Amino acid sequence: MTAEEPHSKPSGNGAKKQDGTVGSSGSDASASLDFIRSIVEADIKDGKNEGRVHTRFPPEPNGYLHIGHAKAICLDFGIAAEHSGLCNLRFDDTNPTKEDVEYVDAIQEDIRWLGFDWGNRLHYASDYFGQLYEYAVQLIKDGKAYVCDLSGDEIREYRGTLTEPGRNSPYHDRSIEESLDLFERMRAGEFEDGSRVLRAKIDMAAGNLNMRDPVIYRIIRATHHRTGDKWCIYPMYDFTHCLSDSIEGITHSLCDLDFEDHRPLYDWFLDQLPVHHPQQIEFARLNISYTILSKRILVRLVNDGRVNGWDDPRMPTLSGLRRRGYTPDSIRNFIGRIGVAKRDSMVAAADLEYGIREELNRRAPRVMAVLRPLKLIIDNYPEDRVEQLEAVNNPEDAAMGTRQLPFSRELYIEREDFREDPPRKFFRLAPGREVRLKHAYIIKCERVDKDERTGEIIAVHCTYDPETKSGAAQAARKVKGTLHWVSAEQSIPATVRLYSHLFTKENPLETDEGGDFTDYLNPDSLETLTSCRVEPSLADAVPGTSCQFMRQGYFCLDPVDSTDDALVFNRTVPLRDTWAKMQKAAKAK
RNA sequence: UGGGAGAUAGUCCAAUGGUAGGGCACACGGCUCUGGACCGUGGAAUCGGGGUUCGAAUCCCUGUCUCCCAGCCA
């Protein structure tokens, strides 16, 4: 997210459970507290806020949540839970021209999915419009705000620049009575959009631009998703946010570094009024290599058709990650592992991938799936015979049991598992070589069938050794490689989508002269394979569930595009591939 | 000669005056019916320069670099 709502941060210790206990994560008990938790601890110790901890997560409903927001969510909800405190969900809906109920629904779903619960504390800044209006009137009465008739361009002009002070608006010294009257009439709809604003009277010479008489109310005739046409004036973020925090009794208001410059203004409003004064604390937003965490840009990718919607599995949105096969635990653990600090940083995409592999290795059942099939015929195996072989579902967890796998004379293996002219260290199948078929027999390659014209290998002929059946006493013979396979007849067809980074550059926002992030869109971020064959047990797979395609990676049945007769799997993340790494290294030499 | 913030291995985070440590990544080895997982080993950092101190990543001075801010967005 660029300049979105302030985020809170993730808990270093994973999500709190309903009972307020803390789940474990990458960082363990010995770990020291991050700087925000240190502040919170100190505040509790000092008896500040009567020892209460009350945070909030304040998204603007103008887009879907992404993993950067997950950092904020984990922090806001996590810190509250760690201290038996509360965390509110508050929609920061002060700009009806950009917001929509579609987003408020999606945001709630995503937060719940991540594992957090705001109880009955679902709020909207728009709930406070009446109170906020009264506060604004109070400011005018106290001579601390005035109605300004300057146009947008003029306001900018009067604001000065980074190095030159601004000048007072000609309306700066307008009488309190006149401002009161005008503000009332702004609300009544007597003036056109953009014709007048209410401004705080602070200091046009302030080095901090935010303090140069910031606008606090503007006229916008737009239907608000909650208040409809009740209002035609809407409060600005700076005015709304601090007072909403105050109204809700928030103690620690966590947001990202972009709002550091706004803190003096946050404090100023609260100091002018007789209200509770929460503390704003800023932390560095999350950046991940080869992706972009900016709502502004994500919305562009969606609208320009660069991806297939907010939940496209290539998107770093929570809905995209979910559809890709990422789990809430893996995301929470990731957030806990990367920590919280104030310096700008770029977390390696590999860090995120590590998290999901770690979890799925423990939980995902192993299955056989051949993505790019090559026919393999076992010449000495009876033509009409079909054996049911027992296969372990997860070697990491015996409790997950076993299943039956059909084996027959004609199989499919992965095309890349056979090489007619194998390179050094190639432990797979090649003429004259032996390999084990996982859960089955050791086979030996005898010859290949080729297309006479193209030279393409059409089938591999092998013989099997009946004595080497997996589990059999005499099966101990060692071979260099083990391949996955499916029975040609009994396997079922499937489509498999292989995803990789959406961008080809670590930081796609760091562009050359005149370029932009679209220059680095990865043309190969999605590869769709339509001739895949998977073991028959997958016919009953439940959409959204994950499994490991042996030797390949973790995949999940796409909940949107998959049907009973046309299975579609999304690759969540490939397995670590030492062989590929070796080849790449060799190539580099 | 605007204001604010931040600089610790490739990367992310610790160490708050007392042995610079951990995760990821990387490399090497072991094990393995997944070239996965797992186990072991290793390389690798305090932005520069001064100062205070028995002792500095930490305190002081100075320099450099990076990020944010000129919406009637949040």
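The structure displayed is predicted, hence computed values, not measured ones. Because only heavy atoms are used, hydrogens play no part in the values below, and waters and symmetry mates are left out as well, while side chains stay in. In what follows, chains are A, B, ... by sequence order, proteins preceding strands, each numbered from 1.
Taking each heavy atom of A/R362 and A/D397 in turn, the nearest pair found is O-CB, 4.3 Å. When all heavy atoms of A/H66 and A/S294 are compared, the closest pair comes out as NE2-N, 4.1 Å. Across all their heavy atoms, A/I378 and A/L411 have their closest contact at CD1-CD1, 3.9 Å. Contact detail for A/I107 and A/E60: the closest heavy-atom pair is CD1-O, 4.0 Å. For the pair A/D93 and A/A125, the tightest heavy-atom approach, listed with the atom from each and the gap, is OD1-N, 3.3 Å.
Residue A/L162 is in base contact, counting any heavy-atom pair closer than 4.0 Å across all strands shown. Nucleic acid contact for A/Q548: base, since at least one base atom lies under 4.0 Å from a heavy atom of the residue. Within 4.0 Å (heavy atoms only), A/K425 reaches at least one base atom of the nucleic acid. Residue contacts for A/R366: at a heavy-atom cut-off of 4.0 Å it reaches a base atom on one of the strands shown. Note on A/F426: a base of the nucleic acid sits closer than 4.0 angstrom, heavy atoms only. Residue A/H262 is classed as a base contact, given a heavy-atom separation below 4.0 Å to a base. Residue A/E396 is in base contact, counting any heavy-atom pair closer than 4.0 Å across all strands shown. As judged by a 4.0 angstrom heavy-atom cut-off over every strand, A/Y354 is placed among residues touching the sugar-phosphate backbone only. Across all strands shown, A/M211 has no heavy atoms under 4.0 Å from either base or sugar-phosphate atoms. A/G471 comes within 4.0 angstrom of a nucleotide base, judged by non-hydrogen atoms across all strands. If you check every strand for non-hydrogen atoms under 4.0 Å, A/T163 touches a base. Nucleic acid contact for A/D261: base, since at least one base atom lies under 4.0 Å from a heavy atom of the residue. Base contact: A/R428 has a heavy atom under 4.0 Å from a base atom. A/R436 comes within 4.0 angstrom of a nucleotide base, judged by non-hydrogen atoms across all strands.
Candidate nucleotides B/G23, B/A74, B/A70 were compared by shortest atom distance to the side chain of A/T94, and B/A74 ranks first. When distances are taken from the side chain of A/L209 to each of B/A70, B/G23, B/C13, the shortest belongs to B/A70. Each of B/C33, B/A74, B/G4 was ranked by its minimum atom distance to the side chain of A/E260; first place goes to B/G4. Nearest nucleotide to the A/K438 side chain, out of B/C68, B/C72, B/U34: B/U34. When the nucleotides B/G35, B/C72, B/G36 are ranked by their closest atom to the side chain of A/L575, B/G36 comes out on top. Out of B/C13, B/C72, B/A74, the shortest distance to the side chain of A/A341 is found at B/C13. Closest contact between the side chain of A/I338 and the listed nucleotides B/C12, B/A70, B/G36 involves B/C12. Taking only side-chain atoms of A/M236, from C-beta outward, the nucleotide of B/G23, B/G2, B/C72 with the closest atom is B/C72. Nearest to the side-chain atoms of A/T161 among the listed nucleotides B/C12, B/A74, B/A70 stands B/A70.
Checked for salt-bridge contact, A/D344 and A/R285 miss the test: no charged N lies under 4.0 Å from a carboxylate O. The pair A/D149-A/R174 counts as a salt bridge, with a side-chain nitrogen and a carboxylate oxygen less than 4.0 angstrom apart.
Both A/N361 and A/A206 lie close to RNA chain B; mapped to their nearest nucleotides by heavy-atom distance, the more 5′-ward contact belongs to A/A206.
Contact annotation: A/S32 side-chain N/O to B/A15 OP1/OP2 distance is under 4.0 Å. Remark: A/R156 is in phosphate contact with B/G71, judged by side-chain N or O atoms under 4.0 Å from OP1 or OP2. Regarding contacts with the backbone of B/C72, every side-chain N or O of A/R199 stays at 4.0 angstrom or more from both OP1 and OP2. One finds a side-chain N or O of A/R218 lying less than 4.0 angstrom from the OP1 or OP2 phosphate oxygen of B/A74. An OP1 or OP2 oxygen of B/C13 is reached within less than 4.0 angstrom by a side-chain nitrogen or oxygen of A/S345.
Atom CG in A/L265 sits about 21 Å away from atom P in B/C68, given to the nearest Å. Atom CG in A/N507 sits roughly 10 Å away from atom P in B/C67 (whole-Å rounding).
B/C26 and B/U1 have their C1' atoms separated by 47 Å, with the value rounded to a whole Å. Atom C1' of B/G4 sits at a distance of 14 Å from the matching atom of B/A70, rounded to the whole Å.
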Assign a letter to each nucleotide of nucleotides 40-48 of chain B from its 5' end: B, base within under 4.0 Å of a protein heavy atom; S, sugar-phosphate only; -, no contact.
-> ---------

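By the 5.5 angstrom centroid cut-off and the 30-degree plane limit, A/Y237 is classified as not stacked against the base of B/A74.
With A/R159 contributing its side chain and A/G166 its backbone, the two residues share no donor-acceptor pair below 3.5 Å. A distance-only check finds no donor-acceptor pair linking the side chain of A/S126 to the backbone of A/R226 [under 3.5 Å].
Within a 6.0 Å radius of NZ in A/K444, other residues, nucleotides and ligands contribute 12 heavy atoms or fewer.
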